[in-house]
Amino acid sequence: ALSARTSRCLLFLDRKLSALTLARGVNNDSKKRTVPLEDIREVLVGEDASDEVDLPVDGQCVTLLLSDGSAVGFRFDDIEERDTFALCISMFVDGRKGEINRRRQDPERRKGSRKVNRV
C-alpha cells in the first residue's frame, strides 16, 4: 500500500478509455501517474476499503485497488459526487477489461485487421 498522503489532483481519462492519469496539483509541471484501467482490480466505496488499505478513508471516499497491490483513494465533497465517480470509473474499467478479453478471443482483431464479408 502507498503511504497516506493527501493532495488535490486532477484526473484525466485518455481518448481510448484505456488509462486514467492522475496529476497531483493543478500546474502543468505537476507530477503525473498513469494507471491502465485494466490494472484497477477493484473499486471500493466509502469505508469498505479500510480493511484493505493503509489510507485514511471515510464515507466520502472511493478507493481504487490496483493489481500491483497499491491503492489510490479519492475523497469527494458529497455523496452524489462520490457515487457518480465510482459508477463511471467502474463502467470504464469493466468496458476496458471486456475489450481486452474480446481481443484475446479474436486474434484477427489483435492484428487490427477487419473481416470483410464478400458477396
Discussion item. Tell me whether Leu87 shares a hydrophobic cluster with Val72, the cluster being built from Ile, Leu, Val, Met, Phe, Trp, Tyr side chains joined at under 4.5 Å.
Written reply: no
Fill in: Test item: Gln60 side-chain N/O and Asp77 main-chain N/O as donor-acceptor pair under 3.5 Å
yes
Fill in: Heavy-atom closest pair, residues Ala86 and Val62
CB-CG2, 3.9 Å
Item to complete: Step through the shown structure and confirm whether more than 12 heavy atoms of other residues, nucleotides or ligands are within 6.0 Å of CG on Asp78.
Response: yes
Worksheet item: From Thr34 OG1 over to Leu22 CG, what is the distance, rounded to the nearest 0.5 angstrom?
Response: 8.0 Å
Worksheet item: With hydrophobic residues grouped by side-chain heavy-atom distances under 4.5 Å, do Val35 and Leu11 end up in a single group?
Response: yes
Item to complete: First locate atom NZ of Lys97, then atom CZ of Arg41, and finally report the distance between them rounded to the nearest 0.5 Å.
Response: 9.0 Å
Item to complete: Apply side-chain contact (heavy atoms from CB on, under 4.5 Å) to Ser18 and list each qualifying residue two or more places apart in sequence or on a separate chain.
Response: Asp14, Lys16, Arg96
Worksheet entry | Single-linkage hydrophobic cluster, 4.5 Å side-chain cutoff, Val45 and Ile89 together | no
Worksheet item: Under the salt bridge (charged side-chain N to carboxylate O under 4.0 Å, His left out) rule, what pairs show up with a residue in residues 80-94, not counting sequence neighbours?
Response: none
Practice prompt. Can you measure from CZ (Arg8) to CZ (Arg24) and round to the nearest 0.5 angstrom?
Written response: 14.5 Å
Item to complete: State plainly whether one hydrophobic cluster holds both Val43 and Met91, where clusters connect Ile, Leu, Val, Met, Phe, Trp and Tyr through side-chain heavy atoms under 4.5 angstrom apart.
Response: no
Item to complete: Could you tell me which residues satisfy ring-ring contact (aromatic ring centres under 6.0 Å, His included) with Phe74, sequence neighbours excluded, listed by chain and number?
Response: Phe85
Worksheet item: Looking at side-chain heavy atoms only, is the closest gap between Leu37 and Leu20 below 4.5 Å?
Response: yes
Discussion item. If you compare all heavy atoms of Arg33 against all heavy atoms of Asp68, which two are closest, and at what distance to 0.1 Å?
Written reply: NH2-OD2, 4.4 Å
Worksheet item: Hey, any chance Ile100 and Phe92 share a hydrophobic cluster, counting ILVMFWY side chains that come within less than 4.5 Å of each other, even indirectly?
Response: no
Worksheet item: Could you give the distance from CD (Glu42) to OG1 (Thr63), rounded to the nearest 0.5 Å?
Response: 10.0 Å
Practice prompt. Spell out, as yes or no, whether a donor-acceptor pair under 3.5 Å connects the side chain of Ser70 to the backbone of Leu66.
Written response: no
